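Reading through the structure tokens given below for one structure.
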Amino acid sequence: MKWNMVENSIELYPAKPFSFSECLLFLNRSNLENLHRVIDGVLYKLLNIGEKNVLIKITESPSSLVIDFPMGECPSDTGEKVIQFVEEWLGLNQDMAGFYTMAAHDPLLSPLIDKYTGLRIIGIPDLFEALVWAVIGQQINLTFAYTLKKRLVELCGERVEVEGLQHWTFPSYEKVANLTVEDFRNMQFTGRKAETILHIARMMHRGELLKESLLLENDVQAIHHQLTSIKGVGPWTAEYVMMKSLQLPNAFPVSDVGLHNAIKDRMNLPKKPTVNEIKEMAEVWEGWKAYATFYLWRSLYDETAL
DNA sequence: ATCCAGGAACTGT
DNA sequence: ACAGTTCATGGA
């Protein structure tokens with residue numbers, strides 16, 4: 001992707017179609033979210049890069065996205081990492097052309113790509129954060145999931161105040177690895193989720209689980225197997241992480257309840273479809289199942305009928 | 001109060 | 001292989 005550094009700001013030029021307002025809508029869906037902030041069309045996020053916390057501020061200009069650094073100058077040698085993060089976070093490096101061509105011929109997806117043109121899959125570039133968020137989200141409603149995440153972040157994430165606004169980073173696996181099951185129980189995590197998250201944190205702390213290593217696997221089945229071999233990580237969590245953190249366009253959390261509800265609503269079905277029925281209708285999505293899923297999720301929080 | 005939630009592991013057949 | 005049970009709690 002093209003980019004340009006001008007004085008103390010970076011301009012990015014995502015390939016079209018790209019919708020910044022769709023990014024903001026997704027990122028602003030919960031008022032319990034504290035890992036970024038959306039204020040009047042401006043997106044803030046605190047990044048931890050090379051032991052330093054860097055606040056980025058993203059705005060849209062007519063022809064580009066602009067990243068500014070409200071804490072001062074962009075520290076030298078972090079510019080590249082900031083760009084890479086934002087690309088993965090907002091999906092700027094995603095090539096949508098094949099998906100749109102496929103979706104245009106699918107009666108379920110075609111209204112969605114028309115209405116949400118430019119929507120990208122919003123990612124969670126940090127593998128640890130993606131895994132923890134997925135484990136938290138297992139079998140509980142989203143509001144409670146956000147509450148639990150907020151408690152964990154405020155317990156051991158890092159906080160910075162800039163211009164009167166608080167900003168948080170997600171806790172590092174080093175810090176989480178030093179927590180106990182009781183710490184999690186006090187935050188109303190279940191014992192199982194506490195064990196799973198602690199296990200993941202300790203694995204990553206020991207260097208036994210690395211995003212770069214997963215991405216070097218030669219096929220997605222190997223990645224899926226490596227993730228599901230972690231106790232507490234099942235098929236849904238593995239696919240979710242492959243979609244949101246590893247950016248695999250064909251990742252498919254087929255058992256996802258939200259996906260089931262979206263398909264039911266979109267097709268006016270009397271009840272939710274079975275997993276096998278969904279697998280059948282997803283055959284034509286081959287190669288793009290992650291995008292199909294994300295566009296269907298998007299339809300769930302649409303206030304206006306399609 | 002009742003059902004369900006962006007599941008997973010375990011148990012029994 | 002497949003179905004039922006348990007975990008645990010909050011939200012609507």
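Per chain, numbering begins at 1; letters A, B, ... match sequence-line order. Please read all numbers here as calculations on a predicted model, not as lab measurements.
- Checking the phosphate oxygens (OP1, OP2) of B:dC10, a side-chain nitrogen or oxygen of A:Lys231 falls inside 4.0 Å.
- The distance from atom NZ of A:Lys264 to atom P of B:dA5 is 10 Å, rounded to the nearest whole Å.
- Among the heavy atoms of the strands lying under 4.0 Å from A:Pro235 are primed sugar atoms or P, OP1, OP2 only; no base atom is included.
- Rounded to an integer number of Å, the gap from A:Trp236 CH2 to B:dA5 C1' is 11 Å.
- Within 4.0 Å (heavy atoms only), A:Val135 reaches no atom of the nucleic acid at all.
- Nucleotides B:dT2 and C:dA8 have their P atoms positioned 23 Å apart, rounded to a whole Å.
- For the pair A:Leu300 CG and B:dC4 P, the computed distance is 17 Å after rounding to whole Å.
- A distance of 6.0 Å or more separates the ring centres of A:His36 and A:Tyr44.
- Under 4.0 angstrom from either OP1 or OP2 of C:dT9 there lies no side-chain N or O belonging to A:Arg192.
- Ring-plane geometry between A:Tyr301 and A:Phe26 is classed as tilted, the angle between the planes lying from 30 to 60 degrees on a 0 to 90 degree scale.
- Checking the phosphate oxygens (OP1, OP2) of B:dA5, a side-chain nitrogen or oxygen of A:Lys272 falls inside 4.0 Å.
- Atom name P, nucleotides B:dA8 and C:dG11: the rounded distance is 22 Å, in whole Å.
- By the side-chain hydrogen bond (donor to acceptor under 3.5 Å, both in side chains) test, A:Glu212 pairs with no residue at all, sequence neighbours left out.
- Heavy-atom nearest nucleotides on DNA chain B were determined for A:Asp256 and for A:Gly232, and the one closer to the 5' end corresponds to A:Asp256.
- For the pair A:Pro253 and A:Met243, the minimum side-chain heavy-atom distance is below 4.5 Å.
- Remark: C1' of B:dG7 and CD1 of A:Ile197 are 13 Å apart, rounded to the nearest angstrom.
- Residues of residues 136-149 of chain A that place a heavy atom closer than 4.0 Å to DNA chain B, in numerical order, are A:Gly137, A:Gln138, A:Gln139, A:Ile140, A:Asn141, A:Leu142.
- Within the 4.0 angstrom heavy-atom criterion, only backbone atoms of the sugar-phosphate kind lie near A:Thr237; the bases stay farther away.
- The P atoms of B:dA9 and C:dG10 are separated by 23 Å, rounded to the nearest whole Å.
- For the C1' atom pair drawn from B:dC4 and C:dC7, the interatomic distance equals 15 Å after rounding to whole Å.
- A donor atom on one side chain and an acceptor atom on the other are not found under 3.5 Å apart for A:Tyr291 and A:Trp285.
- Summarising the geometry, the separation between CG on A:Asn276 and P on C:dA1 is reported as 15 Å, rounded to the nearest angstrom.
- Spacing between atom CZ of A:Arg151 and atom C1' of C:dT9 amounts to 10 Å, rounded to whole angstrom units.
- Atom pair A:Lys150:NZ and C:dG11:P shows a separation of 13 Å (rounding to whole Å applied).
- The distance between atom CZ of A:Phe184 and atom P of C:dT9, rounded to the nearest whole Å, is 15 Å.
- Between A:Glu208 and A:Arg202 there is no salt bridge, since no side-chain N of the basic residue sits under 4.0 Å from a carboxylate O of the acidic one.
- Ion pairing of A:Lys289 with A:Glu286 is present here, as a side-chain N (NZ or NE/NH1/NH2) and a carboxylate O approach within less than 4.0 Å.
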